[in-house]
Amino acid sequence: MILVTGATGNVGGKVLSLLRADGHKVRALTRDPGRAAFAAGGDLEVVAADLGRPKTLPPALEGVQKVFLMSLGANKATHDAHLVAAAREAGIEHIVQLSTLGVEMAEDPKTNPLGHWHRIAEDALRESGVPWTILRPNGFMSMNLGWAASIKAEGVARGPLADVPEAIVDPRDIAEVAVRALTGQGHQDQVYELTGPQALTGREQLAVVGSLLGRDLRFETVPLAAHREMMLRHFSEETVNGVITTLKEAIEHGSELHGRLSPDVRRVLGREPRSFAVWAHDHLDFYRA
């Protein structure tokens, strides 16, 4: 039995689907099973639990051998620590944790709060005694779906990073690496940095989408203050402030971190990571007027 946290999310949902397709017994953890987009039955169990409420976790781990662990935002460190502690008590055999690129450089929470939260979460897992694999992906290609509405309506994409190259990664590749680590041999005590095959700026990514659509699209740079107000509609203030601080560092200091390429997708999967062009082609209907 493999427990998948974040099972309704962009990566967790794909991990869940891949595990089921391979015939593994899976338990999906969600705070509200009634709102989840999947139904229990057959090889899938759905359990109500909350990483922010430690007492809900032991029942969710009963009969489980392995865990895919992901959580987001300012509560990352606390939520991961709760699950890791419960997993240690339950005798879990292996945890695959979703972290983020750049954790090793995140010593100062003032300049890199996102990385610092993930670093604390990683430390909790490493020190737990539970066998682990840590995945450190770059930014997700799927974040560009946030451009869809303005591209369809105006032929415009807006964002704060117009000219900073980023080797963003397809969430499908992240999920495939996670499943390989959960079900294969030789992945314990390994850290995998997951990137795409090339570093593209926001303008270059938009040009790829425009070429596939056959449209001339325009990139408008959004000030960080405006981007912050937009994010506050969806995320907590602490999480938003962490994101904005990280973006400010990227704008001021370039792409030394997020523009670098890693061979780890190829090492684990035996193939090159999917390109942004492939991802955009497969999601083009989101951008069609």
Side-chain angles (χ1 to χ4, degrees), residues 2 4 6 9-24 66-70 94-106 114-115 118-119 121-122 125-126 131-145 161 164-202 204-209 211-212 250 254-284:
I2 301 174
V4 177
N10 195 14
V11 175
K14 292 177 175 61
V15 170
L16 189 73
S17 296
L18 289 170
L19 287 171
R20 296 185 73 186
D22 288 343
H24 298 282
K66 300 181 180 183
V67 175
F68 174 69
L69 172 59
M70 70 160 295
H94 188 196
I95 294 177
V96 175
Q97 179 188 53
L98 190 67
S99 184
T100 191
L101 198 67
V103 167
E104 74 282 4
M105 300 169 61
L114 287 180
H118 285 79
R119 182 170 182 161
E122 285 190 13
L125 179 56
R126 290 175 188 270
W132 53 266
T133 305
I134 294 172
L135 311 182
R136 293 177 178 171
N138 207 339
F140 297 180
M141 293 178 182
S142 54
M143 294 298 292
N144 287 347
L145 291 175
L161 298 180
V164 177
E166 295 182 282
I168 54 178
V169 60
D170 191 322
R172 295 175 294 187
D173 287 343
I174 302 171
E176 288 185 30
V177 170
V179 168
R180 192 69 61 90
L182 285 164
T183 61
Q185 301 296 319
H187 300 289
Q188 291 186 5
D189 301 331
Q190 297 295 313
V191 176
Y192 296 128
E193 293 188 344
L194 309 179
T195 73
Q198 60 186 149
L200 300 174
T201 67
E204 289 169 338
Q205 294 163 36
L206 183 62
V208 170
V209 175
S211 176
L212 291 169
S255 60
E256 178 182 352
L257 171 62
H258 294 286
R260 75 188 188 198
L261 306 180
S262 167
D264 286 349
V265 169
R266 182 173 65 252
R267 285 176 52 203
V268 176
L269 300 182
R271 62 163 176 80
E272 291 297 318
R274 294 177 174 92
S275 68
F276 181 73
V278 168
W279 177 89
H281 175 272
D282 293 345
H283 296 82
L284 204 58

For residues 183-190, please give each side-chain donor-acceptor pair under 3.5 Å, one per line with the distance, not counting sequence neighbours.
{"unit_1": "Thr183", "atom_1": "OG1", "unit_2": "Val179", "atom_2": "O", "d": "2.7"}
{"unit_1": "His187", "atom_1": "ND1", "unit_2": "Tyr192", "atom_2": "OH", "d": "2.8"}
{"unit_1": "Asp189", "atom_1": "OD1", "unit_2": "Trp132", "atom_2": "NE1", "d": "3.4"}

So Phe68 and Leu19, do their side chains get closer than 4.5 Å, heavy atoms only? no
In chain order, what residues pass the ring pair (Phe, Tyr, Trp, His ring centres under 6.0 Å) check against His283, with sequence neighbours excluded? Trp279
Here the gap from His94 atom NE2 to Thr133 atom OG1, rounded to the nearest 0.5 Å, amounts to 3.0 Å
Heavy-atom closest contact (Ser275 atom, Pro197 atom, distance): CA-CG, 3.7 Å
Please assess His281 against Leu284 for the test side-chain contact (heavy atoms from CB on, under 4.5 Å), listing each intermediate value before the final yes or no. CA-CA 5 Å; His281 175 272; Leu284 204 58; 5.5 Å; no
Ala207: side-chain contact (heavy atoms from CB on, under 4.5 Å) partners, not counting sequence neighbours: none
Can you name the side-chain contact (heavy atoms from CB on, under 4.5 Å) partners of Pro137, sequence neighbours left out? Leu98, Phe140, Val169, Ile174, Leu194
Of all heavy-atom pairs linking Ala277 and Val208, the shortest is CA-CG1, 3.8 Å
I'd like to check the side-chain contact (heavy atoms from CB on, under 4.5 Å) partners of Glu204; sequence neighbours left out, ordered by chain and number. Leu200, Thr201
Are any of the side-chain heavy atoms of Val96 and Val15 separated by less than 4.5 Å? no
Distance-only, no hydrogens or angles: does the Thr195 side chain make a donor-acceptor pair with backbone N or O of Leu261 under 3.5 Å? no
Side-chain heavy-atom pair Arg126, Ile134 within 4.5 angstrom cut-off: yes
Please examine the side chains of Val278 and Arg172, heavy atoms only from C-beta on, and report whether any two atoms are closer than 4.5 Å. yes
Result of checking Arg136, Gln97, Glu122 against Val191 for side-chain contact (heavy atoms from CB on, under 4.5 Å): Arg136
Give me the atom names and distance for the closest heavy-atom approach of Pro171 to Val11. CB-CG2, 4.2 Å
Gln205 side chain near Val209 side chain, heavy-atom distance below 4.5 Å: no
Salt bridge (Lys or Arg N to Asp or Glu O under 4.0 Å): which pairs involve residues 175-185, sequence neighbours left out? Glu176-Arg271, Glu176-Arg274
Determine whether Met143 and Ile168 make a side-chain contact, defined as any pair of heavy atoms from C-beta on separated by less than 4.5 Å. no
